[in-house]
**Q** 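Have a look at the structure that comes next, please.
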Amino acid sequence: YHFRLSWDMDAITSARPPDDRRRDDDRPGAGFAWNNVVSFRGQGRGVAILNDADSRRLLDVNVDIDRGGKLVVSFHADRGRAVLFTGFLMDREGGRLKASVTSEDGRLRGPMYILVDDRQNVNNITLEATDGRDRMHVNWDRR
C-alpha cells in the first residue's frame with residue numbers, strides 16, 4: 001500500500017472571496033480551541049485603573065486556557081460591558097500562572113499574574129499593562 005497525504009493550510013482561506021476574509025485576531029477569543037479548555041472561576045472584587053484616573057470596579061472573573069496556551073480572561077464589571085484580556089500562557093509554577101495579555105482594544109499589553117488553587121478557583125489577579133503612553137493597573141482578589 002502507498003499513501004500520499006497533502007495538506008495546504010491556506011487552501012480553504014484562499015478559496016474565499018477577498019471581501020469575506022477575516023483575520024483571526026480581529027475577534028476576542030478567535031482561534032480558541034473551546035473543546036480543549038481548562039477553566040478557572042472566581043467570585044471577588046477588584047479594580048482596573050487607567051492612567052491613575054479612570055477606574056472600573058471588577059466583579060467575578062472567568063479564566064479560560066486552551067491546551068495550546070491561548071488565554072481569555074473576562075471580568076464582570078459594575079458598568080455594563082465585561083473587561084476582557086486575551087493572550088498566551090507563558091509560565092506556570094504550581095498555582096501561579098504568568099500570561100502575556102492584551103486589552104480588548106489591542107492597545108495595552110503586559111504580564112498578568114493569576115493565582116489559582118487545585119479546585120480551579122481564581123484567588124488573585126494582577127496586571128500592569130501599557131502601550132508606552134497609557135497604562136492600566138488591575139488588581140483583583142477572591143472574596
Side-chain angles (χ1 to χ4, degrees), residues 4-143:
R4 177 177 285 183
L5 176 65
S6 296
W7 179 26
D8 185 357
M9 202 160 137
D10 294 325
I12 293 173
T13 57
S14 62
R16 280 192 249 159
D19 60 337
D20 190 36
R21 288 188 187 164
R22 287 173 279 179
R23 292 180 15 188
D24 279 343
D25 58 351
D26 286 343
R27 300 179 325 267
F32 207 73
W34 289 106
N35 58 338
N36 291 320
V37 170
V38 176
S39 296
F40 299 92
R41 304 280 180 257
Q43 293 181 335
R45 299 286 181 261
V47 65
I49 303 171
L50 181 64
N51 295 328
D52 296 326
D54 182 22
S55 71
R56 291 186 70 181
R57 283 188 7 182
L58 305 175
L59 306 173
D60 300 344
V61 66
N62 296 328
V63 177
D64 297 310
I65 306 167
D66 77 3
R67 302 275 184 218
K70 189 160 183 160
L71 170 105
V72 176
V73 178
S74 176
F75 292 96
H76 300 273
D78 65 344
R79 288 191 260 155
R81 267 182 68 146
V83 177
L84 184 73
F85 297 93
T86 59
F88 292 93
L89 188 62
M90 296 171 51
D91 191 23
R92 180 173 188 163
E93 190 175 301
R96 184 175 186 215
L97 310 174
K98 180 181 179 183
S100 175
V101 300
T102 304
S103 61
E104 185 174 13
D105 62 6
R107 282 186 324 121
L108 305 172
R109 300 173 185 271
M112 178 179 277
Y113 296 93
I114 307 165
L115 295 177
V116 298
D117 64 21
D118 55 354
R119 292 183 178 166
Q120 295 183 301
N121 293 312
V122 179
N123 293 322
N124 178 272
I125 295 179
T126 59
L127 167 69
E128 294 290 335
T130 186
D131 65 356
R133 193 181 88 212
D134 295 323
R135 60 193 155 88
M136 177 181 276
H137 171 76
V138 173
N139 194 4
W140 181 92
D141 284 302
R142 186 175 171 193
R143 287 191 257 177

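Position 1 is the first residue of the sequence, and the numbers go up from there.
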**Q** Rounded to the nearest 0.5 Å, how far apart are CG of Asp54 and CD1 of Ile49?
**A** 9.5 Å
**Q** Test Leu89 against every option in Val38, Val101, Leu97 by the side-chain contact (heavy atoms from CB on, under 4.5 Å) rule and name the one that passes.
**A** Leu97
**Q** Going by side chain to side chain contact (heavy atoms under 4.5 Å, CB included), name the residues that satisfy it together with Thr126, two or more places apart in sequence or in a different chain.
**A** Tyr113, Asn124, Asn139
**Q** Nearest 0.5 angstrom please: Asn62 CG to Arg41 CZ, how far?
**A**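 Rounded to the nearest 0.5 Å, the CG-CZ separation comes out at 4.0 Å.
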**Q** Between Arg107 and Asp105, does any NZ, NE, NH1 or NH2 come within less than 4.0 Å of an OD or OE carboxylate oxygen?
**A** yes
**Q** Going by the angle between their ring planes, with limits at 30° and 60°, are Phe75 and Phe85 parallel, tilted or perpendicular?
**A** perpendicular
**Q** Mind checking the CZ-CD1 spacing from Arg92 to Ile114? Nearest 0.5 Å is all I need.
**A**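 Separation between the atoms: 10.0 Å.
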**Q** With the side chain counted from C-beta on, respond yes when Met112 and Val73 share a heavy-atom pair under 4.5 Å apart, and no when they do not.
**A** yes
**Q** Is there side-chain contact between Asn121 and Arg142, with heavy atoms separated by less than 4.5 Å?
**A**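 In short, these two side chains touch, coming nearer than 4.5 Å.
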**Q** Under a 4.0 Å threshold between the charged nitrogen and the carboxylate oxygen, would Arg81 count as salt-bridged to Glu104?
**A**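 The answer is yes: the pair qualifies as a salt bridge.
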**Q** If you measure from the Lys or Arg side-chain nitrogens to the Asp or Glu carboxylate oxygens, is any gap between Asp64 and Lys70 under 4.0 Å?
**A** no
**Q** Measure the spacing between CG of Leu59 and CG of Asp78 and express it to the nearest 0.5 Å.
**A**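 Here the interatomic distance stands at 6.0 Å.
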